A.B. asks: 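Once you've had a glance at the structure underneath, I'll fire off some questions.
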Amino acid sequence: MPALVLLGAQWGDEGKGKATDLLGGSVDYVVRYQGGNNAGHTVVVGDQKYALHLLPSGILSPGCTPVIGNGVVVDPSVLLSELSGLNERGVDTSKLLISGNAHIITPYNVTVDKVTERFLGKRKIGTTGRGIGPTYADKINRVGIRVQDLYDESILTQKVEAALDVKNQVLTKLYNRRAIAVEQVVEELLGYAAKIEPYVADTVLVLNQALEDDKVVLFEGGQGTLLDIDHGTYPFVTSSNPTAGGACTGAGVGPTKISRVIGILKAYTTRVGAGPFPTELFDEDGEALRRIGGERGVTTGRDRRCGWFDAVIARYATRVNGLTDFFLTKLDVLTGWEEIPVCVAYEIDGKRVEELPYSQTDFHHAKPVYETLPGWSEDITSAKSFSDLPKNAQDYVKALEEMSGAPISAIGVGPGRDETIEINSFL
Ligand code: GDP
Ligand code: IMO
Ligand code: MG
């Protein structure tokens, strides 16, 4: 099992941080391959809680080398403060490797993200405001700044000039903002160069050599399948590819190396930001899921929108990622409901639809078709094996597995490392 991918099967916040951390003890490398500090991955180790944004969750496992791949966008100030925050808590971060080809989130990318959202008004995406979209846009437009550019002042200056040429026109003439000075940006970026240099590496070479040496490499996705720029609910998506294929381009590893793709799946559904969400609840059940599940964004502190489990989405995630298995998280949050509705299909303009429609208009019109499963009231947080779960909880898991199209190999019954039921040798 040389390379495996772990990714979100819904709209993010499925519990990827916890799952990665669990596997971190048995893998050699944990690699972020896309996204940036828009992610918020929570890991609970004993009585310690860590919120990671840019760093791979494997950083908390001493034997593991954390890698920021070429597909990630890196905000250097966030990187350095996350590193020093962990160092202060006694976490050794010295093994970190950062791709020289990863793109830098510059201060002007953050400005453009915020200004664009403000001008979109009601049509805004509800981004995290971290400059993610504008940085990927610069990458695709070939005016991006890469980590390696920090080590050549002349190139860096030319590139910042090229990027700001158009942006300053837009900022001043369209958005009524002040122009951003090239020298100021260059000076700020150069200020990070020496601090980041020890981590910069040819990560593509390192990872491929590691795989040749039979080391185990885990790719940790940020965000989730439905936030994917190609396969998500466009335009209400992030600007990268969290889906499995993104691991190949975002780390420079061929698809033939990947033998397992784990989808992290919450036992209900949440979403942060704008966009369609068929099973969203606006009643006390939604409130209760938010309260019991602690559904508040790790990055922006926004309340997460909550709803029942959506099997149409889970099936879609299985298909577009080629999932081999699921880690079902937060089953404990559903304890106490007498009955639990599960969306098995959609009704779109009077017709029953079993699969996610490709058309945005149809998806906006999708109404959930629910099947109701019996709930359970017993506390399940100390369950250690599947048979410890009450019968109705077992049946809920089996029903989700059947509907979602891939086996469930682990179940989360609490945020802690040991609050996990392993079924099909997850680890
Ligand atoms: P990520 O972005 O996918 O890593 O997920 P987040 O960290 O943003 O959100 C998941 C939240 O659920 C975090 O607060 C986790 O500590 C918590 N969590 C993860 N798994 C479980 C679980 O099985 N049960 C409960 N109650 N909480 C969990
Ligand atoms: P993790 O890794 C949930 C959402 C934002 C917004 C959209 C675009 O913790 O699961 P962006 O700033 O990326 O341009 O915002 O994507 N979003 C997330 N939602 N979890 C995340 O990360 C997210 N990262 C971005 O709320 O709707
Ligand atoms: Mg999160």
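First listed ligand is number 1; within each ligand, the first listed atom is number 1. Since this is a predicted model, take the numbers as computed values, not measurements.
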A.B. asks: Would you call R290-E287 a salt bridge at under 4.0 Å N-O?
C.D. replies: yes

A.B. asks: For G17, take its heavy atoms, then give the atoms of ligand 1 lying under 4.0 Å from any of them.
C.D. replies: 4 (O)

A.B. asks: Heavy-atom contacts with H41 under 4.0 Å: which atoms of ligand 1 show up? List them by number with element.
C.D. replies: 1 (P), 2 (O), 4 (O), 7 (O)

A.B. asks: Using distance alone, determine whether V237 and ligand 2 share an N or O pair under 3.5 Å.
C.D. replies: no

A.B. asks: What are the atoms of ligand 2, with element, lying closer than 4.0 Å to any heavy atom of A39?
C.D. replies: 1 (P), 2 (O), 9 (O), 22 (O)

A.B. asks: Apply the test side-chain contact (heavy atoms from CB on, under 4.5 Å) to residues T233 and W11: give CA-CA distance (whole Å), side-chain angles for both, the deciding distance (0.1 Å), then the verdict.
C.D. replies: CA-CA 9 Å; T233 48; W11 276 287; 3.4 Å; yes

A.B. asks: Atom OH of residue position Y234 - does it have more than 12 heavy atoms of other residues, nucleotides or ligands inside 6.0 Å?
C.D. replies: no

A.B. asks: Under 4.0 Å from a heavy atom of V298: which atoms of ligand 1 are those, numbered in the order shown and with their elements?
C.D. replies: 8 (O)

A.B. asks: Please list, in number order, the atoms of ligand 2 under 4.0 Å from a heavy atom of I125.
C.D. replies: 27 (O)

A.B. asks: Of all the non-hydrogen atoms in the protein, which one sits nearest to atom 15 (O) of ligand 2, and at what distance?
C.D. replies: T127 CA, 3.3 Å

A.B. asks: Report the nearest protein non-hydrogen atom to atom 16 (O) of ligand 1: residue, atom name, distance rounded to 0.1 Å.
C.D. replies: P415 CB, 3.5 Å

A.B. asks: Are any of the N or O atoms of T329 closer than 3.5 Å to those of ligand 1?
C.D. replies: no

A.B. asks: Who's the nearest protein heavy-atom neighbour of atom 12 (O) of ligand 1, and how far?
C.D. replies: K330 NZ, 3.0 Å

A.B. asks: Around Q184, counting heavy atoms of other residues, nucleotides and ligands shown, do more than 12 lie under 6.0 Å from its CD?
C.D. replies: no

A.B. asks: List the steps and the verdict of side-chain contact (heavy atoms from CB on, under 4.5 Å) for T106 and V160.
C.D. replies: CA-CA 9 Å; T106 62; V160 173; 5.9 Å; no

A.B. asks: Any chance you could lay out the side-chain contact (heavy atoms from CB on, under 4.5 Å) test for L54 and V72, step after step, and finish with the verdict?
C.D. replies: CA-CA 9 Å; L54 180 58; V72 175; 3.8 Å; yes

A.B. asks: Given side-chain contact (heavy atoms from CB on, under 4.5 Å), test L171 with L164 step by step and report yes or no.
C.D. replies: CA-CA 10 Å; L171 282 173; L164 279 178; 5.6 Å; no

A.B. asks: Any idea which atoms of ligand 2 are less than 4.0 Å away from a heavy-atom of G222?
C.D. replies: 2 (O)

A.B. asks: Assess Q223 for proximity to ligand 2: is some non-hydrogen atom of it under 4.0 Å away?
C.D. replies: yes

A.B. asks: Using a strict cut-off of 4.0 Å, indicate which atoms of ligand 2 neighbour a heavy atom of G12.
C.D. replies: 10 (O), 20 (N)

A.B. asks: Taking only non-hydrogen atoms of R271, do any sit less than 4.0 angstrom from ligand 2?
C.D. replies: no

A.B. asks: Between Y175 and V112, is there a side-chain heavy-atom distance shorter than 4.5 Å?
C.D. replies: no

A.B. asks: Is there a donor-acceptor contact under 3.5 Å linking the side chains of T65 and K215?
C.D. replies: no

A.B. asks: Look at G40 and state whether any of its N, O or S atoms is less than 2.8 Å from the Mg ion (ligand 3).
C.D. replies: yes

A.B. asks: Taking the Mg ion (ligand 3) as the reference point, name the nearest N/O/S atom of D13.
C.D. replies: OD1

A.B. asks: Other residues, nucleotides and ligands only: do more than 12 of their heavy atoms fall within 6.0 Å of NZ on K384?
C.D. replies: yes

A.B. asks: Counting heavy atoms only, name the option from G126, G17, G275, G40 that's nearest to atom 5 (C) of ligand 2.
C.D. replies: G126

A.B. asks: Does a donor on one side chain sit under 3.5 Å from an acceptor on the other, for D113 and T127?
C.D. replies: yes

A.B. asks: Might you point out which heavy atoms bring I421 and S385 nearest each other, and give the distance in Å?
C.D. replies: CG2-C, 3.6 Å

A.B. asks: Between R130 and D75, is the closest basic N to carboxylate O distance under 4.0 Å?
C.D. replies: no

A.B. asks: List the closest protein heavy-atom neighbour of atom 12 (O) of ligand 2: residue, atom name, distance to the nearest 0.1 Å.
C.D. replies: T128 OG1, 2.6 Å

A.B. asks: Could you tell me whether G15 and ligand 1 have an N or O pair separated by under 3.5 Å?
C.D. replies: yes

A.B. asks: With backbone taken as N, CA, C and O and side chain as the heavy atoms from C-beta onward, which portion of D13 lies under 4.0 Å from ligand 2: side chain, backbone, both, or neither?
C.D. replies: both

A.B. asks: Looking only at protein heavy atoms, which one is nearest to atom 1 (P) of ligand 1, and what is the separation?
C.D. replies: K16 N, 3.5 Å

A.B. asks: Does ligand 2 come near enough to E14 that some N or O of the ligand is less than 3.5 Å from an N or O of the residue?
C.D. replies: no

A.B. asks: For atom 10 (C) of ligand 1, which protein heavy atom lies nearest, and how many Å away is it?
C.D. replies: D13 O, 3.8 Å

A.B. asks: Which heavy atom of Y29 sits nearest a heavy atom of V206, and at what distance?
C.D. replies: CE2-CG1, 4.0 Å

A.B. asks: For N87 and T93, test the side chains for any donor-to-acceptor distance below 3.5 angstrom and give the result as yes or no.
C.D. replies: yes

A.B. asks: Any side-chain donor-acceptor pair under 3.5 Å between E295 and Y268?
C.D. replies: yes

A.B. asks: When you measure from atom 7 (O) of ligand 1 to every protein heavy atom, which one gives the shortest distance, and what is it?
C.D. replies: T42 OG1, 2.6 Å

A.B. asks: Taking the minimum heavy-atom distance to atom 2 (O) of ligand 1, which of G221, G293, A410, G40 ranks first?
C.D. replies: G40

A.B. asks: Would you indicate which of L227, T238, V73 comes nearest to atom 17 (N) of ligand 2 when only heavy atoms are counted?
C.D. replies: L227

A.B. asks: For G414 and ligand 1, answer yes if some heavy atom of the residue is under 4.0 Å from a ligand atom, otherwise no.
C.D. replies: yes

A.B. asks: Check this for me - ligand 1, G412, N or O atoms closer than 3.5 angstrom, yes or no?
C.D. replies: yes

A.B. asks: Pairs of nitrogen or oxygen atoms closer than 3.5 Å, one from D113 and one from ligand 2: do any exist?
C.D. replies: no

A.B. asks: Counting only heavy atoms closer than 4.0 Å, does ligand 2 sit against the backbone of W11, its side chain, both, or neither?
C.D. replies: backbone

A.B. asks: Is there a nitrogen or oxygen of D332 sitting under 3.5 Å from a nitrogen or oxygen of ligand 1?
C.D. replies: yes

A.B. asks: Among K18, E295, R304, whose heavy atom sits nearest atom 9 (O) of ligand 1?
C.D. replies: R304

A.B. asks: Step through the shown structure and confirm whether more than 12 heavy atoms of other residues, nucleotides or ligands are within 6.0 Å of CZ on R123.
C.D. replies: no

A.B. asks: What part of K16 sits under 4.0 Å from ligand 2 if we count only heavy atoms: the side chain, the backbone, both or neither?
C.D. replies: side chain

A.B. asks: Where do V353 and E355 come nearest, in terms of heavy atoms and distance?
C.D. replies: CG1-O, 3.1 Å

A.B. asks: One residue to check: T299. Relative to ligand 2, which of side chain, backbone, both or neither has a non-hydrogen atom less than 4.0 Å away?
C.D. replies: neither

A.B. asks: Can you say whether the rings of W337 and W308 are parallel (under 30°), tilted (30 to 60°) or perpendicular (over 60°)?
C.D. replies: perpendicular

